[in-house]
*Asks:* 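One structure, as structure tokens, below. Some questions next.
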Amino acid sequence: MSAIIEINHLKKSFGENEVLKDISTTVNKGQVLTIIGASGSGKSTFLRCINLLEKPTGGQILYKGENVLEKGYNLPKYRTHLGMVFQSFNLFANMDVLENCMTGQTTVLNRKPEEAKKIAIQNLKNVGMDQFISAKPAQLSGGQMQRVAIARALSMNPDVLLFDEPTSALDPEMIGEVLKTMQDLTKTGLTMVIVTHEMSFAKDVSDHVIFMDQGVIAEQGTAEEIFEHPKEKRTQEFLQRLRT
Ligand SMILES: Nc1ncnc2c1ncn2[C@@H]1O[C@H](COP(=O)(O)OP(=O)(O)OP(=O)(O)O)[C@@H](O)[C@H]1O
Ligand SMILES: [Mg+2]
């Protein structure tokens, strides 16, 4: 297995508040890595540090062996290799579905509009949203918006796609369609890092699971190790709380 991203001793503080304390893990090519943990444990901050929406206060992030935090590293280029899907979709409200999926391709990747359109439509097909190319986000349901957001991210051909609780803002009846879309994606060999509260989904799709507690990785391992045989008391209690 080859490492795409290696995180070494990552730290992040907001003022006095140390939110991430010495986080180390590896994201391997083709792997589905999920991050679970209580609210406030630092999951979103960790994802946001990986794609540098937040600047880490210590440690290393190696992308294909090179430290992206080193002075002079090409950060805009690094960011184009990572896609992000947010809880709140973050679609461009003034653009239709097709434009949402094209704009990054033409402005950031300098693709020609015809090529960008072809790629956008293919990805919209893959998430079952190609019937809606002329719709504006406001005309769509939450589940549909999130599937468009996934198609938009995929259209940038990321090396790694990061998801921050992609189903948490959805009405219950729409969660299934988004999880199904993500489950299909796991079979394409895409490298995915997913923060989620959907434990049965995480159990099904994860190659590797990280359980975070108060800014540290309390335990990590295979889905079976974490969900069936958690070693740490903190992990056991967290999973127990969700069951009751
Ligand atoms: N921009 C910020 N400025 C100051 N503090 C922040 C900022 N972002 C996050 N924090 C703090 O960092 C801690 C971890 O927050 P984070 O959002 O990473 O947790 P989380 O595990 O994603 O929680 P949730 O499950 O509720 O999304 C919290 O105490 C939060 O208040
Ligand atoms: Mg969060």
Side-chain angles (χ1 to χ4, degrees), residues 5 7-27 32-61 68-69 75 79 82-91 142-143 145-146 149-150 153 158 160-172 174-175 178-179 181-182 191-206 208-221 223 226-227 230 232-244:
I5 300 177
I7 316 262
N8 294 323
H9 307 294
L10 189 77
K11 290 189 173 70
K12 174 67 185 177
S13 299
F14 295 104
E16 297 285 283
N17 186 9
E18 193 177 39
V19 172
L20 299 180
K21 308 162 187 164
D22 202 14
I23 302 273
S24 297
T25 194
T26 303
V27 183
V32 178
L33 178 115
T34 55
I35 303 170
I36 61 172
S39 181
S41 57
K43 305 180 299 295
S44 294
T45 305
F46 180 36
L47 269 198
R48 295 169 63 82
C49 280
I50 294 178
N51 68 2
L52 300 181
L53 284 174
E54 298 287 354
K55 194 171 183 302
T57 35
Q60 285 187 321
I61 299 175
V68 308
L69 300 175
L75 289 183
R79 287 202 180 90
L82 305 185
M84 180 100 163
V85 174
F86 300 89
Q87 185 176 339
S88 49
F89 327 126
N90 293 14
L91 294 176
M145 283 194 269
Q146 195 57 299
I150 291 170
V160 182
L161 193 46
L162 311 172
F163 296 81
D164 192 358
E165 297 196 31
T167 59
S168 299
L170 298 176
D171 291 335
M174 290 168 190
I175 292 175
V178 172
L179 292 181
T181 300
M182 292 172 67
T191 310
M192 299 161 78
V193 180
I194 307 169
V195 173
T196 186
H197 286 295
E198 296 289 337
M199 293 302 142
S200 82
F201 169 77
K203 197 169 148 183
D204 282 350
V205 303
S206 307
H208 193 77
V209 181
I210 285 178
F211 168 64
M212 284 185 68
D213 184 48
Q214 297 181 35
V216 301
I217 295 179
E219 186 166 355
Q220 56 183 322
I226 300 299
F227 290 111
E232 295 287 326
K233 192 146 182 283
R234 288 183 283 182
T235 322
Q236 292 164 2
E237 285 172 353
F238 173 75
L239 294 171
Q240 192 57 42
R241 273 204 304 281
L242 293 177
R243 285 191 190 109
T244 51

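In each ligand, atom 1 is the first atom listed, and ligand 1 is the first ligand listed.
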*Asks:* From the options Lys233, Arg234, Gln240, select the one residue that forms a side-chain hydrogen bond (donor to acceptor under 3.5 Å, both in side chains) with Glu237.
*Replies:*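 Exactly one option meets the side-chain hydrogen bond (donor to acceptor under 3.5 Å, both in side chains) with Glu237, and it is Lys233.
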
*Asks:* Counting only heavy atoms on the protein side, is anything nearer than 4.0 Å to atom 31 (O) of ligand 1?
*Replies:*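 Under the 4.0 Å cut-off, atom 31 (O) of ligand 1 has no protein heavy-atom neighbours at all.
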
*Asks:* Considering heavy atoms of the protein only, find what lies nearest to atom 26 (O) of ligand 1 and give residue, atom and distance to 0.1 Å.
*Replies:*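 Closest protein heavy atom to atom 26 (O) of ligand 1: Ser39 OG, 2.6 Å.
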
*Asks:* Could you walk me through whether Met84 and Leu47 pass the side chain to side chain contact (heavy atoms under 4.5 Å, CB included) check?
*Replies:* CA-CA 9 Å; Met84 180 100 163; Leu47 269 198; 4.3 Å; yes

*Asks:* Could you check whether Asp213 and Ser41, counting side-chain N and O atoms only, form a donor-acceptor pair closer than 3.5 Å?
*Replies:*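 The criterion, which ignores hydrogens and geometry beyond distance, is not satisfied for Asp213 and Ser41.
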
*Asks:* If we only count heavy atoms from C-beta on, is the Asp204 to Phe227 side-chain gap below 4.5 Å?
*Replies:*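 No, too far: nothing below the 4.5 Å cut-off.
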
*Asks:* Among all protein non-hydrogen atoms, which one is nearest to atom 15 (O) of ligand 1, and what is the separation to 0.1 Å?
*Replies:*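 Protein heavy atom at minimum distance: Thr45 OG1, 3.8 Å.
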
*Asks:* So is Gly37 polar-close to ligand 1, meaning N/O to N/O under 3.5 Å?
*Replies:*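 No, no N or O pair falls under 3.5 Å.
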
*Asks:* Taking only heavy atoms of His197, which atoms of ligand 1 are found under 4.0 Å from at least one of them?
*Replies:*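 Once the distances to His197 are compared, the set is 25 (O).
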
*Asks:* Give me the residue, atom name and distance of the protein heavy atom closest to atom 3 (N) of ligand 1.
*Replies:*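 Ranked first by proximity to atom 3 (N) of ligand 1 is Phe14 CD2, 3.3 Å.
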
*Asks:* Are any of the heavy atoms in Gly215 under 4.0 Å away from ligand 1?
*Replies:*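 No.
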
*Asks:* If you measure every N or O of Gly42 against every N or O of ligand 1, does any of those distances drop under 3.5 Å?
*Replies:*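 Yes, since at least one N or O of Gly42 sits under 3.5 Å from an N or O of ligand 1.
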
*Asks:* Nearest protein heavy-atom contact for atom 12 (O) of ligand 1: which residue, which atom, what distance?
*Replies:*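 Result for atom 12 (O) of ligand 1: Val19 CG2, 3.1 Å.
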
*Asks:* Please list, chain by chain and in numerical order, all residues satisfying ring-ring contact (aromatic ring centres under 6.0 Å, His included) with Phe238, sequence neighbours excluded.
*Replies:*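 Partners of Phe238 under the ring-ring contact (aromatic ring centres under 6.0 Å, His included) test: Phe211.
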
*Asks:* Heavy atoms, side chains only, cut-off 4.5 Å: are Ile35 and Ile194 in contact?
*Replies:*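 Side-chain contact under 4.5 Å: no.
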
*Asks:* Of the side chain and backbone of Arg48, name the one, both, or neither that has a heavy atom under 4.0 Å from an atom of ligand 1.
*Replies:*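 Neither part.
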
*Asks:* Just need the protein heavy atom nearest to atom 23 (O) of ligand 1, so name the residue and atom and give the distance.
*Replies:*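 The closest one turns out to be Gly40 N, 2.8 Å.
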
*Asks:* Among protein heavy atoms, which sits nearest to atom 29 (O) of ligand 1, and what does the distance come to when rounded to 0.1 Å?
*Replies:*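 Result for atom 29 (O) of ligand 1: Asn17 ND2, 3.9 Å.
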
*Asks:* Any idea which protein heavy atom is nearest atom 17 (O) of ligand 1, and the distance to it?
*Replies:*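 I find the closest protein heavy atom is Ser44 CB, 3.7 Å.
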
*Asks:* Specify the protein heavy atom at minimum distance from atom 25 (O) of ligand 1: its residue, its atom name, and the distance to 0.1 Å.
*Replies:*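 Ranked first by proximity to atom 25 (O) of ligand 1 is Lys43 NZ, 2.8 Å.
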
*Asks:* Of all the atoms in ligand 1, which lie at a distance below 4.0 Å from a heavy atom belonging to Ala38?
*Replies:*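 Under 4.0 Å from Ala38, ligand 1 has these atoms: 21 (O).
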
*Asks:* Please work out, at 4.0 Å between heavy atoms, whether the side chain, the backbone, both, or neither of Glu165 comes within that distance of ligand 1.
*Replies:*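 Within the 4.0 Å criterion, Glu165 contacts ligand 1 through side-chain atoms alone.
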
*Asks:* Of all the atoms in Thr45, is at least one N, O or S atom closer to the Mg ion (ligand 2) than 2.8 Å?
*Replies:*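 For Thr45, the answer is no, given that no N, O or S atom comes within less than 2.8 Å of the Mg ion (ligand 2).
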
*Asks:* Of Val193, Leu33, Val195, Ile36, which is the lone residue that meets side chain to side chain contact (heavy atoms under 4.5 Å, CB included) with Ile210?
*Replies:*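 Checked Val193, Leu33, Val195, Ile36 against Ile210; only one passes side chain to side chain contact (heavy atoms under 4.5 Å, CB included): Leu33.
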
*Asks:* Would you tell me whether Glu165 and Ser168 have side-chain atoms, one donor and one acceptor, within less than 3.5 Å of each other?
*Replies:*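 Yes, side-chain donor-acceptor contact under 3.5 Å.
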
*Asks:* Can a side-chain donor-acceptor contact be found between Gln220 and His208 if the only test is distance below 3.5 angstrom?
*Replies:*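 The answer is yes; a qualifying pair exists.
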
*Asks:* Nearest 0.5 Å, please: how far is NZ in Lys43 from OG1 in Thr34?
*Replies:*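 Taking OG1 in Thr34 and NZ in Lys43, the distance rounds to 12.0 Å.
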
*Asks:* Just checking, Lys203 and Phe201: is the charged tip under 6.0 Å from the six-membered ring centre and within 45° of the axis?
*Replies:*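 So Lys203 doesn't make the cation-pi contact.
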
